[in-house]
**Q** 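Provided herewith is a single structure, encoded as structure tokens, for subsequent inquiry.
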Amino acid sequence: MYSHHAQQRMQQRGISGSVVEALLTFGCSQFHRGREVVFFDHGSLVRLNSEGGLSSQTCQQLRRHYLVLEGGEVVTVGYRTGHFKRDRH
């Protein structure tokens, strides 16, 4: 399920529903500020390449994508421009 905000961001950023589904299926997740952030790490890109049937070049194009989940709902999607800061609690 997508929030209204996530649907807007998907449209504005040109991120398709298939990329979101690939993130949910193959992505690595970490909790950041109380929300679950799903992204592609090296291992998930390897699984996406072998099990998802995508070429290595396509997988590398997807490596910066991420999404944020809260309560099972996709809150937002985007591209990483740097690393995620760790919670220091």
**Q** Surrounding CD of Gln57 (heavy atoms of other residues, nucleotides or ligands, distance under 6.0 Å), is the total greater than 12?
**A** no
**Q** Might you point out which heavy atoms bring Ser44 and Phe26 nearest each other, and give the distance in Å?
**A** CB-O, 2.8 Å
**Q** As an exercise, state the distance from NE2 of His42 to CZ of Arg63, rounded to the nearest 0.5 Å.
**A** 12.5 Å
**Q** For Tyr79, is there any backbone N or O sitting under 3.5 Å from a side-chain donor or acceptor partner on Arg64?
**A** no
**Q** Side chain of Thr25, backbone of Ala22: donor and acceptor closer than 3.5 Å?
**A** no
**Q** Quick one: are Met1 and Val74 in side-chain contact, heavy atoms under 4.5 Å?
**A** no
**Q** Ser29 and Glu36: side-chain donor and acceptor closer than 3.5 Å?
**A** yes
**Q** Of all the heavy-atom pairs spanning Arg9 and Val77, show the shortest one and how long it is.
**A** CB-O, 3.9 Å
**Q** Keeping Ser3 on the side-chain end and Val75 on the backbone end, is there a donor-acceptor pair under 3.5 Å?
**A** yes
**Q** Do you know which two heavy atoms are closest between Cys59 and Leu45, and how far apart they sit?
**A** O-CD2, 3.3 Å
**Q** Please test Val38 against Val68 for side chain to side chain contact (heavy atoms under 4.5 Å, CB included), starting from the C-alpha separation and ending with a verdict.
**A** CA-CA 6 Å; Val38 182; Val68 178; over 6 Å; no
**Q** What's the spacing between Leu62 CG and Leu54 CG if we round to 0.5 Å?
**A** 7.0 Å
**Q** Should Val20 and Leu69 be counted in the same cluster of Ile, Leu, Val, Met, Phe, Trp and Tyr side chains packed under 4.5 Å apart?
**A** yes
**Q** When you compare the side chain of Leu48 with that of Phe40, does any pair of heavy atoms fall below 4.5 Å?
**A** yes
**Q** How about His65 and Phe39: do any of their side-chain heavy atoms sit closer than 4.5 Å?
**A** no
**Q** Do the non-hydrogen side-chain atoms of Thr76 and Arg13 ever get within less than 4.5 Å of each other?
**A** yes
**Q** Test Leu24 against Leu67 for side chain to side chain contact (heavy atoms under 4.5 Å, CB included), laying out the working first.
**A** CA-CA 9 Å; Leu24 292 171; Leu67 61 85; 4.1 Å; yes
**Q** With rounding to the nearest 0.5 Å, note down the distance linking CD in Gln12 to CD in Gln7.
**A** 12.0 Å
